[in-house]
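Here is the structure we will look at, set down as structure tokens.
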There are 2 protein chains.
Amino acid sequence: MNEVFQALSDPTRREILRLLRQRDMSAGEIAESFPLANSTLSGHFKTLKHSGLIVSERSGTTIVYSLNVSAFEGMLAAVMELFAMDEEPKESKK
Amino acid sequence: MNEVFQALSDPTRREILRLLRQRDMSAGEIAESFPLANSTLSGHFKTLKHSGLIVSERSGTTIVYSLNVSAFEGMLAAVMELFAMDEEPKESKK
DNA sequence: TCGTTATTTCGCCAATTACCGAAATAATAC
DNA sequence: GTATTATTTCGGTAATTGGCGAAATAACGA
């Protein structure tokens with residue numbers, strides 16, 4: 001789960017996830033939305049893949065990425081654990 | 001919101017949040033749970049404060065930290081936005 | 001096989017980050 | 001004011017991170 005939090009710490013990677021929310025996309029399609037080198041984005045894809053947040057599938061010469069929604073459940077659980085939303089609320093100041 | 005994601009990317013800071021979930025604690029009390037220099041933990045408190053995830057209150061010579069639960073709502077919304085939990089689910093592969 | 005397309009890997013760099021020990025600061029008591 | 005306690009700030013270090021361009025790899029068609 002540390003990898004997920006790590007993966008989400010970068011704004012570019014979060015934006016990639018937002019794009020993939022709309023539809024599956026190839027590396028090249030995603031790259032069109034960023035003023036970054038393709039090699040940089042490959043690095044980001046790698047991080048997202050290893051965290052489990054996205055999955056990839058090769059189709060000829062292109063690689064298509066998609067969200068792994070089941071990873072979201074783990075993420076939600078982890079966030080809730082941090083803030084005890086599933087437990088008795090604790091007195092705390094704003 | 002980027003600051004929140006950044007703050008949560010570090011395991012020590014996540015552990016600090018878990019501790020504060022149980023009860024408000026002073027810097028010194030929190031420090032007892034970590035094999036780290038106090039100065040290091042002060043740096044972590046600073047990051048968490050600036051992200052809005054915790055708040056601090058001085059009480060004499062001690063500083064007591066507590067969770068800022070309202071920040072969690074923003075975090076939840078941000079996570080949901082990433083995964084479109086509030087929208088039509090999209091076909092995607094596991 | 002060669003040429004092309006799509007993408008990743010590699011090596012490098014500058015900036016950032018988590019850690020440390022020492023110094024500084026904040027609060028209090030005498 | 002001095003001494004003590006609690007905590008933060010500061011300066012330094014090693015490791016990590018996000019970026020780049022070039023090289024390598026994967027897939028395909030002729």
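As the structure is a computational prediction, the values presented were derived from the model and not from experiment. Residue numbering restarts at 1 for every chain, and letters A, B, ... go by the order of the sequence lines. No hydrogens, no waters, no symmetry mates; every other heavy atom, side chains included, goes into these values.
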In whole angstrom, what separates [X]'s [atom1] from [N]'s [atom2]?
{"X": "B/F45", "N": "C/dA26", "atom1": "CZ", "atom2": "P", "answer": "18 Å"}
{"X": "B/I30", "N": "D/dA6", "atom1": "CD1", "atom2": "P", "answer": "15 Å"}
{"X": "B/E57", "N": "D/dA6", "atom1": "CD", "atom2": "P", "answer": "18 Å"}
{"X": "B/L36", "N": "C/dT17", "atom1": "CG", "atom2": "P", "answer": "18 Å"}
{"X": "B/R14", "N": "C/dT17", "atom1": "CZ", "atom2": "C1'", "answer": "15 Å"}
{"X": "B/D10", "N": "D/dT17", "atom1": "CG", "atom2": "C1'", "answer": "14 Å"}
{"X": "B/I63", "N": "D/dT5", "atom1": "CD1", "atom2": "P", "answer": "18 Å"}
{"X": "B/N2", "N": "C/dT16", "atom1": "CG", "atom2": "P", "answer": "13 Å"}

Practice task
Mark yes or no for whether B/D24, through its side chain, and B/S66, through its backbone, hold a donor-acceptor pair below 3.5 Å.
Solution key: no

Problem - Check: A/R58 main-chain N/O paired with A/T62 side-chain donor or acceptor under 3.5 Å - result: no

Exercise for the section: Report the residue from A/L20, A/L67, A/L8 that forms a side chain to side chain contact (heavy atoms under 4.5 Å, CB included) with A/L53. Expected result: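 Considering A/L20, A/L67, A/L8, a side chain to side chain contact (heavy atoms under 4.5 Å, CB included) with A/L53 is found only for A/L8.
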
Practice task
For A/L41, report the nucleic acid contact type (base, sugar-phosphate, nothing); a contact means any heavy atom under 4.0 Å.
Solution key: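 Counting heavy atoms under 4.0 Å across all strands, no contact is made by A/L41.
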
Of the listed nucleotides [options], the one nearest the side chain of [X]:
{"X": "B/T62", "options": "D/dT17, D/dT7, C/dA22", "result": "D/dT7"}
{"X": "A/H44", "options": "D/dT8, D/dG18, C/dT9", "result": "D/dG18"}
{"X": "A/R58", "options": "C/dT9, D/dA26, D/dT8", "result": "D/dA26"}
{"X": "B/A27", "options": "D/dT7, D/dG19, C/dT7", "result": "D/dT7"}
{"X": "B/S39", "options": "C/dC20, D/dT7, C/dC10", "result": "C/dC20"}

Problem - Contact under 4.0 Å: A/T40 side-chain N or O vs D/dC20 OP1/OP2 - result: yes

Problem - Electrostatic pair A/R23-A/E29, nearest N-O below 4.0 angstrom - result: yes

Completion exercise
5'-most contact on DNA chain D (nearest-nucleotide basis), A/P35 vs B/N38, goes to B/N38

Completion exercise
5'-most contact on DNA chain D (nearest-nucleotide basis), B/T61 vs A/T12, goes to B/T61

Completion exercise
Correct closest heavy-atom pair for B/Q6 and B/R13 would be O-NH2, 3.4 Å

